[in-house]
Amino acid sequence: VGALVALARSLAPDMAARASSSAPLLRALPLPLLALGAQLGAVAAAASEASVLAAAAARGLLETEPWWRVGSTSFAVWDQSWMTPHVICGIRFYREPVSGVGQGLRTWTTEAGLEGPSIRDEKLQWVFDGTVFQQRALEFYAGRGAPPMNDVWMAILLSRIPESDESSVLSGGGLMELKCSGMIMLASLLYAEYLAFVVPVSVLLKFCQHATVIHHRMGMDETAEELSGNINGLQPIQTARGSFHAALQVAGGSRALAAEYASLGALALPVVDVVVAHCREDLSWLREWLRQVLRDEWTPEVRGLRLRLLIYERCTAAPQPEASSSQERPPPTAVSPSAAELVEGLKRLGAIDMGSAAVELPEPPGFENVAYVHYCRNVALRDAEFAIFLHGAPYDHMDIQTLHDVLRSLALGTYSVPFLHLNAKRSAQMELEPCVRDLLRPALFESGLGLGGAESAGATAPGPLGRGELPTEMSTYCCSQFVVGRERLRAVPDAFWDEVWQQLESQGEVGDANHSDVPTSCRASASRIYESHQRHGGSWAAEHGVWAVALERTWHWIFGESPLLPIRDVDPRLPLFLRVPRPRATGDGGPRGAVQDFVNAPDWGFDPGWWGADSALANVTQVPMVVSALPVPTSLFTAVARENWKLPSWAEAWFAEEPEEQYSEKPEASGQSYR
C-alpha cells in the first residue's frame, strides 16, 4: 500500500484537492490511502469549474426529473434484520411504461441534443435479496464460489436511481444507505477489489472516496457507535476489507515496479503481442478495443506498453465457392487491405509498435492453429512479455469485458497471470481422445518431452513445463483464445513446434480416399469437423481442421497448466476481475447468445437506457445521467480531465484524427468467424 501511495503521489503531484462534503462514519480504505484521497481528490479535480461546466454543456446536461415523468416507478427497500436494523435489506424495483413512455423518453433525450440507446417499452421488474447476496459472498471468500459481481453491479445500479424533488423521493443510494448500509459496504468492497487491477490509482481513490463511506444520518434510532458495530458484525465485512487491502498491496507492488520501467523511456516498456488469426472478418473491433482502453482511458498514471499487433491473413480476399478436395485449390491472394491498412494506420499514429505487421499466411491450410504455431516458432518474437491469441471475430466466444480488462491490467502493469483462457464456453472433462494422443505423441517424442513411451497414469500430470507425458483426461475452455506469459512460451522446446508445423504441412485432406496423412484414430473426427464447419464457407480450411481441435484440447497443458484447467470463476490463483462469471447462452454466437450481441455492461439481462450516474461520476462530470452503467468508468473521468494533461504524441494524433465518442464503448459488429 505504501508503494501504491508513493506511486500515486509521484504520478499526480499537482492535482488539486477537493474537500468532501460528507461526514463519513466508516471507510473501507486504510488511513494512508484516505489521506492521499483527500489530497488528490478526483482525477478530474485539476479542471476548473468553468471547464467542467463547459464540458457538461457540450455533452448535454441532463435533468433527472424527466426520468421520473416518463414512467411509473416503484422502489421499495425493507430491512432483513430486525435486531440490527439498517444493515442488510431486500429491494423491489418496478418500472412500467405509461402511455407514450418510449416516445416521451426519446423526446427528452432528443431535446437534450443526445442520441440515447434504443428505449425499451416493456416493464422492468427486479428483486434483490440482500441475504442471498451475503451467502454468495460468504461462499466466494471461503473459496467455494465465484465472486457475486452481478449482485454487486445490480446493487450499484439500483443505488444510481436519481432523486426527485417533485416526487419527494430520495435517491437510490440515499435510501439504500439508510436501510442497508452494511450490504452497501460489502458491495463496495467487492467492486473496489475488482477495480484495483484495472483502473488508475486516482480513479480508484475517487470511487472509494464516495462508495466506501457510510454516513450516520439524523433521525436514526441507533447512535453512530451502534451502527458502526452492527455493520462490522455483518459477515463477511471484515474478510472483504482484508481481501481488498491484500489486492491493493499486490496491485500496488506491480504498479511501483511498472513505474520504474516507465521512467526509463518508451523503449523500456514491455512488449505485448496481439496475435490475430484473420479470415475475412471485419476488424473494426480491434481498433475500437485499442482506442477505448489505450487512448480513451489514458492518464498520467498509466505505465503503457509496446503493443505489437500481428494479423495473420489466413484466407483469400473473398469467399470461394465450395469445392471438393479433388478440385484445384484457389491461388493465394494478397493480404486483405483491411488488415494491412489497419496496422499501417495505427503505426502511423504511433499507437502500436513498429514491429507490427499483417502477415500473409495462406498455407498450410487450417484454422487459427496455423497462425498460432507459426507465431510460436518465431524466435525473433520471444521478447514479448505476454502474447494474446485471438480469432478474427473474438467476441463470438468471449465476453468483451474480459478482453478489455486484460488489456487494462497489462497497460497499468498489474497483470501477472502466466496462462489465462479467455473464452466463456467450457468443454467437457473427458478421457484424452486417441486422435489427440496420436497427433501429439510424435511432436512430444521429437522434442524430448515424451521420453517415457506411455501416457501418465494420472489426470494431474504437468504439461511440457514439467516434462510429463500425455495425461489420461483433459478439460479446458472451447475455441482457442488465451493469454500466455513469456516464460511459459519459452519453456516449450523449438523442436516441438517444428514437428507440429511439419505435420501441419503434410496433413492430408478429408476428401482423400485413404486419408493417407491422417491417423486412423482421427478419420471419423476429421469428417465430423469438416461437416460441422461447412456453414462458415471455409471448406478448404475445414478439410484440415482436426489439428485445430486437437490443439484446442491441449493448449493450456502445452503451456504448463494442469490437464484439468480450473474454471476461472473459482480459481483462487486469479485476481477477482478475472473470476467474474461470463455466461454463454447458446452455441450459435457470442457468450450472450448472438454474434451481434456485444454488450460491455455486466450481464444483468437488460439495458436500462439513460440511467443515474453514481456520486463519484456526477461529482467529476457534473452530468447526473449516463447512457449506461459501465463496469469500468475510467473514460468518463478522463474525458473531463484530459484537457489539462500533456498527452502522448500518439494519443494526441489519434484524437485529432478520430474524436472521442461520448459515453459509448460498444464495438462495431464484426463479421462471423470462419470457425
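Because only heavy atoms are used, hydrogens play no part in the values below, and waters and symmetry mates are left out as well, while side chains stay in.
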Peer 1: Donor-acceptor check, side chain of His278 to backbone of Glu281, threshold 3.5 angstrom: yes or no?
Peer 2: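 It does hold such a pair.
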Peer 1: Keeping the roles fixed (side chain from Arg303, backbone from Leu410), state whether a donor-acceptor pair exists under 3.5 Å.
Peer 2: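 Yes: the side chain of Arg303 pairs with the backbone of Leu410.
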Peer 1: Ser171: what forms a side chain to side chain donor-acceptor pair (under 3.5 Å) with it, not counting sequence neighbours?
Peer 2: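 None.
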Peer 1: Apply side chain to side chain contact (heavy atoms under 4.5 Å, CB included) to Leu403 and Leu390, showing your working.
Peer 2: CA-CA 10 Å; Leu403 191 58; Leu390 300 173; 4.1 Å; yes
Peer 1: Considering non-hydrogen atoms only, spot the tightest contact between Pro147 and Arg579 and give its length.
Peer 2: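 Closest approach of Pro147 to Arg579, heavy atoms only: CD-O, 3.3 Å.
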Peer 1: Look at the side chain of Arg408 and the backbone N and O of Leu294, then say whether any donor-acceptor pair between them is shorter than 3.5 Å.
Peer 2: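 Checked: no pair found.
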Peer 1: After noting the C-alpha distance and the side-chain angles of Leu310 and Leu381, does the key distance pass the side chain to side chain contact (heavy atoms under 4.5 Å, CB included) rule?
Peer 2: CA-CA 10 Å; Leu310 301 167; Leu381 300 176; 3.8 Å; yes
Peer 1: Suppose we screen for side chain to side chain contact (heavy atoms under 4.5 Å, CB included). Which residues come up paired with Ala387, at least two apart in sequence or across chains?
Peer 2: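 Here the qualifying residues are Asp273, Tyr375, Phe389, Leu489.
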Peer 1: Going by side chain to side chain contact (heavy atoms under 4.5 Å, CB included), name the residues that satisfy it together with Val417, two or more places apart in sequence or in a different chain.
Peer 2: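 With sequence neighbours excluded, Val417 shows a side chain to side chain contact (heavy atoms under 4.5 Å, CB included) to Tyr415, Leu420, Leu574, Pro575, Leu578, given in chain and number order.
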Peer 1: How would you list all residue pairs meeting salt bridge (Lys or Arg N to Asp or Glu O under 4.0 Å) that involve residues 410-420, not counting sequence neighbours?
Peer 2: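 Sorted result for residues 410-420: empty, none.
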Peer 1: Supply the atom-to-atom distance Glu652 CD to Arg295 CZ, rounded to the nearest 0.5 angstrom.
Peer 2: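 It is 12.0 Å, given to the nearest 0.5 Å.
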Peer 1: Check whether any side-chain heavy atom of Leu248 sits under 4.5 Å from a side-chain heavy atom of Leu204, and report yes or no.
Peer 2: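 Yes, at least one pair of side-chain atoms sits under 4.5 Å.
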Peer 1: Looking only at the aromatic ring of each residue, does the gap between the centers of Trp298 and Phe655 stay below 6.0 angstrom?
Peer 2: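 No, the ring centres sit 6.0 Å or more apart.
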Peer 1: Who passes side chain to side chain donor-acceptor pair (under 3.5 Å) against Asp383, sequence neighbours left out?
Peer 2: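 With neighbours one apart ignored, the set is Arg308.
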Peer 1: Does the Glu301 side chain pair with the main chain of Ser202, one donor and one acceptor, at a distance under 3.5 Å?
Peer 2: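 Indeed, once roles are kept as given, a pair shorter than 3.5 Å links the two residues.
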Peer 1: Before you tell me yes or no, could you show the steps for Thr414 and Val250 under side chain to side chain contact (heavy atoms under 4.5 Å, CB included), namely the whole-Å CA-CA distance, both residues' side-chain angles and the distance that decides it to 0.1 Å?
Peer 2: CA-CA 8 Å; Thr414 61; Val250 174; over 6 Å; no
Peer 1: What are the two closest non-hydrogen atoms of Pro624 and Thr64, and how far apart are they?
Peer 2: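 Pro624 and Thr64 have their closest heavy atoms at CB-CG2, 3.8 Å.
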Peer 1: Report yes if the side chains of Leu309 and Leu286 come closer than 4.5 Å at any heavy-atom pair, otherwise no.
Peer 2: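 In contact.
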Peer 1: Between CG of Asp614 and CG of Leu157, what distance do you get to the nearest 0.5 Å?
Peer 2: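 Reported value, rounded in 0.5 Å steps: 10.5 Å.
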Peer 1: A side-chain contact here means heavy atoms from C-beta on lying under 4.5 Å apart; do Val580 and Asp405 qualify?
Peer 2: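 No, every pair of side-chain atoms sits at 4.5 Å or beyond.
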Peer 1: Between CG of Leu158 and CH2 of Trp153, what distance do you get to the nearest 0.5 Å?
Peer 2: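 Spacing of CG (Leu158) from CH2 (Trp153) equals 15.0 Å.
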Peer 1: Does Asp571 have any salt bridge (Lys or Arg N to Asp or Glu O under 4.0 Å) partners at least two apart in sequence or in another chain, and if so, which?
Peer 2: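 Only Arg573 meet the salt bridge (Lys or Arg N to Asp or Glu O under 4.0 Å) criterion with Asp571.
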Peer 1: Give the minimum heavy-atom separation between Arg488 and Pro418, together with the two atoms involved.
Peer 2: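 Heavy-atom minimum between the residues: NH2-CG, 3.6 Å.
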Peer 1: When you measure from the side chain of Arg160 to the backbone N and O of Trp611, does any donor-acceptor pair fall under 3.5 Å?
Peer 2: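 It does not hold such a pair.
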Peer 1: Could you work out, with ring-ring contact (aromatic ring centres under 6.0 Å, His included) as the rule, every residue matching His421, not counting sequence neighbours?
Peer 2: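 Partners of His421 by the ring-ring contact (aromatic ring centres under 6.0 Å, His included) criterion, ordered by chain and then number, come out as Tyr477.
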Peer 1: Quick one: side chain to side chain contact (heavy atoms under 4.5 Å, CB included) partners of Glu344, sequence neighbours excluded?
Peer 2: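 Glu344: side chain to side chain contact (heavy atoms under 4.5 Å, CB included) contacts with Lys347.
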Peer 1: To the nearest 0.5 angstrom, please state how far the CD atom of Glu297 sits from the CG atom of Leu636.
Peer 2: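 Result: 9.0 Å between the selected atoms.
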Peer 1: Return the minimal non-hydrogen interatomic distance between His374 and Tyr312, and the atom names on each side.
Peer 2: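 The pair with the smallest heavy-atom distance is ND1-CE2, 3.4 Å.
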Peer 1: Would you find a donor on one side and an acceptor on the other, under 3.5 Å apart, between the side chain of Tyr191 and the backbone of Met149?
Peer 2: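 No; judged by distance alone, with no hydrogens or angles, the pair does not exist.
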Peer 1: Using 30° and 60° as the class limits, which term best fits the ring planes of Phe482 and Tyr372: parallel, tilted or perpendicular?
Peer 2: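 Because their plane-to-plane angle is over 60°, the rings of Phe482 and Tyr372 count as perpendicular.
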Peer 1: Taking side chain to side chain contact (heavy atoms under 4.5 Å, CB included) as the definition, give me every residue that meets it alongside Arg377, ordered by chain and number, with sequence neighbours left out.
Peer 2: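 Here the qualifying residues are Val373, Trp497, Asp498, Trp501.
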Peer 1: Could you give the distance from CZ (Phe367) to SG (Cys279), rounded to the nearest 0.5 Å?
Peer 2: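 Result: 9.0 Å between the selected atoms.
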Peer 1: Would you check if Leu412 and Val302 make a side-chain contact, meaning some heavy-atom pair closer than 4.5 Å?
Peer 2: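 Yes, at least one pair of side-chain atoms sits under 4.5 Å.
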Peer 1: How close do Ser635 and Leu630 get, counting heavy atoms only, and between which atoms?
Peer 2: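 Distance-wise, the nearest heavy atoms are OG-CD1, 4.3 Å.
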Peer 1: Working to the nearest 0.5 Å, report the span between CD1 of Ile311 and OG of Ser338.
Peer 2: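 Answer rounded to 0.5 Å: 7.5 Å.
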Peer 1: Check the pair Ile352 / Val274 against side chain to side chain contact (heavy atoms under 4.5 Å, CB included), numbers first and verdict last.
Peer 2: CA-CA 10 Å; Ile352 59 177; Val274 175; over 6 Å; no
Peer 1: Can you check whether Leu361 reaches Arg314 side chain to side chain, under 4.5 Å on heavy atoms?
Peer 2: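 Side-chain contact under 4.5 Å: yes.
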Peer 1: Flag the pair Leu576 / Phe197 as yes when at least one side-chain heavy-atom distance between them is below 4.5 Å, and no otherwise.
Peer 2: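 No. Closest side-chain heavy atoms not under 4.5 Å.
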Peer 1: Ignoring hydrogens, what is the shortest heavy-atom contact between Ala616 and Lys206? Give both atom names and the distance.
Peer 2: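 Taking Ala616 first and Lys206 second, the nearest heavy atoms are CB-O, 3.9 Å.
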Peer 1: Could you pull out all residues at least two apart from Ser159 that satisfy side chain to side chain donor-acceptor pair (under 3.5 Å)?
Peer 2: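 Counting only residues at least two positions away or on another chain, Ser159 forms no side chain to side chain donor-acceptor pair (under 3.5 Å).
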Peer 1: If you define the side chain from C-beta out and look only at heavy atoms, does anything of Thr634 sit under 4.5 Å from Pro200?
Peer 2: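 Heavy-atom side-chain distance check passes, below 4.5 Å.
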Peer 1: Does Arg568 reach the main-chain N or O of Asn423 with its side chain, forming a donor-acceptor pair under 3.5 Å?
Peer 2: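 Side chain of Arg568 to backbone of Asn423: a pair is present.
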Peer 1: Taking His391's backbone N and O only, do any of them form a donor-acceptor pair with Gln481's side chain (distance below 3.5 Å, no angle check)?
Peer 2: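 Side chain of Gln481 to backbone of His391, a donor-acceptor pair under 3.5 Å: yes, one is there.
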Peer 1: Could you tell me which residues satisfy side chain to side chain donor-acceptor pair (under 3.5 Å) with Arg642, sequence neighbours excluded, listed by chain and number?
Peer 2: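 Testing Arg642 for side chain to side chain donor-acceptor pair (under 3.5 Å), a comparison that skips the adjacent residues, returns Thr638, Glu660.
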Peer 1: Please name all residues satisfying salt bridge (Lys or Arg N to Asp or Glu O under 4.0 Å) with Arg287, sequence neighbours left out, ordered by chain then number.
Peer 2: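 Testing Arg287 for salt bridge (Lys or Arg N to Asp or Glu O under 4.0 Å), a comparison that skips the adjacent residues, returns Glu657, Glu658.
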Peer 1: Quick check: do Arg382 and Arg486 have side-chain heavy atoms less than 4.5 Å from each other?
Peer 2: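 SC-SC contact between Arg382 and Arg486 ruled out.
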Peer 1: Measure the acute angle between the ring planes of His556 and Phe419, then classify it against the limits of 30° and 60° as parallel, tilted or perpendicular.
Peer 2: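 Correct class here is tilted.
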